[in-house]
Amino acid sequence: MSEPNRRLVVVSNRVGPLVSGGKAGGLAVAMADALKERGGLWFGWSGELSDSGTWGPVNRDVHGSGSTAITLATLDMTEEDHSQFYEGYANRVLWPLLHYRTDLIDYDPKDEDGYKRVNQRFATRLASMVGPDDLIWVQDYHYLTFAQQLRMAEASNRIGFFLHIPFPPPDVFNVLPRADDMLRALLAYDVLGFQTQGDAENMIALMLAEGGERTSLTTVRIMGRDLTVKAFPIAIDAQSFAELATTEDAQIAQARAERLLNGRQQIIGVDRIDYSKGLPERFKGFKKLLEDYPENSGRVSFLQIAPPSRGTLDAYARIREELEQISGHVNGRFGDIDWVPIRFTTRGQPRSALAGLYRASRVGLVTPLRDGMNLVAKEYVAAQDPNDPGVLVLSQFAGAAEQMTQAVITNPYSDGDVAEAIQTALRMDKSERIDRYQALMEMLVENDVNAWRRTYLQALEG
Ligand code: ADQ
């Protein structure tokens, strides 16, 4: 049984915002909702760099009062912390490793030390703020060693972890220098949550190789402890997103897009610029569509919205350049005075405008080379007009593919395969589009973000 009074403590790299304004991402909204339901503490980095860093004061910001009061508590980092922990180990080692891109790992033992130091400092500071019954829920790859450090600070709480990005098979994971240490650190958690069944199985394989014993579908006994290892596919608030797509702001964005399209069909992609998202491959897939199926010439436009992320890292700057190059080339070769085949913008959009743009698009093109889940896939479907819905083309390597089987599934490594999938989507008749949409939407409403959060917290309560 759930005990509503057990306080929830959320740990994530960035804290807040609590108000679900236009710009908040999926993680922030899910965490804010969890905290609103039962009150609690949200702890992490302030976003600020200062000389005192993690040794400085804890910034506190209390909202509400009584049993549902929410405290936001944050710590600064020093510039060195940030460069070693965040840019170094988290984003140049763990991000590529967990996305199966071992070729891009840029390992420096100093960064590993910085990562562990920041985890330790944050965990010891948090330990002094929690009571023994608090449920602690740690988010994502920045904090793999967090529970181990909390245990060293004598915390005996239930501690859960949720990984938002993929978890690869042992052969890939073991590329990490001192992978054994990292696995042992993870075993200090009580619940290890992953996006897909495949990810959870990869973790279990690693634990079995380390002497663990699987005692049920979702539990492993290892080193004298029982861990829950389970898939909790993250989700969106599908109902609200569907409503958002019919608001006035969304309609304005939709009408604006349709005016520009002038009867042409739109294909849309929305991603942070990141090598995991397969953007150059996607652009080449669209080019192949124009080559292999010339009847689309002048009839289809591809809109890619790709705000930059972590712009300081070279890899991201390179992708952006490559995208500008391919789109310039495609537009020059195929375009006409009244038709621009690829429109590529790096500007962020309010969520309502995004919903309208999804709805204005006959095809949602979501083709990551590897992705934990991919919420854009879910948002695209939720935003569709139930009477005349568009079609989702989805990479087999997105976590979402495990649930969204009625999408047109494609292999993003093959431009021919992507072109064929787009063509299938463009040619699909209305009744099949409606059938696929209805099945997907039913799944999204049943497995929404509220269900996700409750299922996870139930596991964490033990
Ligand atoms: P991301 O890699 O960021 O998340 P994704 O799941 O697609 O990927 O979420 C992106 C979010 O940002 C979506 O809600 C999208 O609408 C929004 N967004 C993107 N571009 C935008 C723009 N130009 N304007 C406005 N909003 C924009 C990580 C993992 C994923 C996992 C999520 C959640 O990499 O695999 O699904 O966390 O766990």
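Starting from 1, each residue takes its place in the sequence as its number. Predicted, not measured: the structure shown is a model, and the values here were computed from it. First listed ligand is number 1; within each ligand, the first listed atom is number 1.
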Out of [options], indicate the one that has the non-hydrogen atom closest to [atom].
atom                    : options                        : value
atom 17 (C) of ligand 1 : Gln139, Arg351, Gln195, Arg272 : Arg351
atom 29 (C) of ligand 1 : Lys378, His164, Arg370, Lys277 : His164
atom 21 (C) of ligand 1 : Ile273, Val270, Leu357         : Val270

Tyr143 vs Phe85 aromatic rings, parallel, tilted or perpendicular, using cut-offs 30° and 60°?
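If you compare the ring of Tyr143 with that of Phe85, the planes turn out tilted.
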
How are the rings of Trp452 and Phe162 set to each other: parallel, tilted or perpendicular (split at 30° and 60°)?
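Perpendicular: the ring planes of Trp452 and Phe162 meet at over 60°.
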
Can a salt bridge be assigned to the pair [X] and [Y] using a cut-off of 4.0 Å between side-chain N and carboxylate O?
X      : Y      : answer
Arg121 : Asp76  : no
Glu322 : Arg318 : no
Arg92  : Asp106 : yes
Arg282 : Asp271 : yes
Arg359 : Asp388 : no

Only heavy atoms of [X], strictly under 4.0 Å: list the atoms of ligand 1 that pass.
X      : answer
Pro307 : 20 (N), 21 (C), 22 (C), 23 (N)
Gly372 : 35 (O)
Val376 : 7 (O), 15 (C)
Arg347 : 23 (N)
Ile234 : 33 (C), 38 (O)

Would you say Leu375 and ligand 1 have an N/O pair spaced under 3.5 Å apart?
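Yes, there is a polar N/O contact under 3.5 Å.
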
Ligand 1 and His99, any nitrogen or oxygen pair closer than 3.5 angstrom?
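Between His99 and ligand 1 (N or O atoms, distance only) the closest approach is not under 3.5 Å.
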
Please work out whether any backbone atom (N, CA, C, O) or any side-chain heavy atom from C-beta onward of Ile305 is under 4.0 Å from ligand 1, and answer side chain, backbone, both or neither.
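It is the side chain that touches ligand 1; the backbone stays farther off.
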
Quick one: look at Leu354 and ligand 1, take heavy-atom pairs under 4.0 Å, and tell me if it's side chain, backbone, both or neither.
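Just the side chain.
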
Show your working on side chain to side chain donor-acceptor pair (under 3.5 Å) between Arg264 and Ser301 and close with a plain yes or no.
CA-CA 7 Å; Arg264 298 188 183 95; Ser301 279; 5.1 Å; no

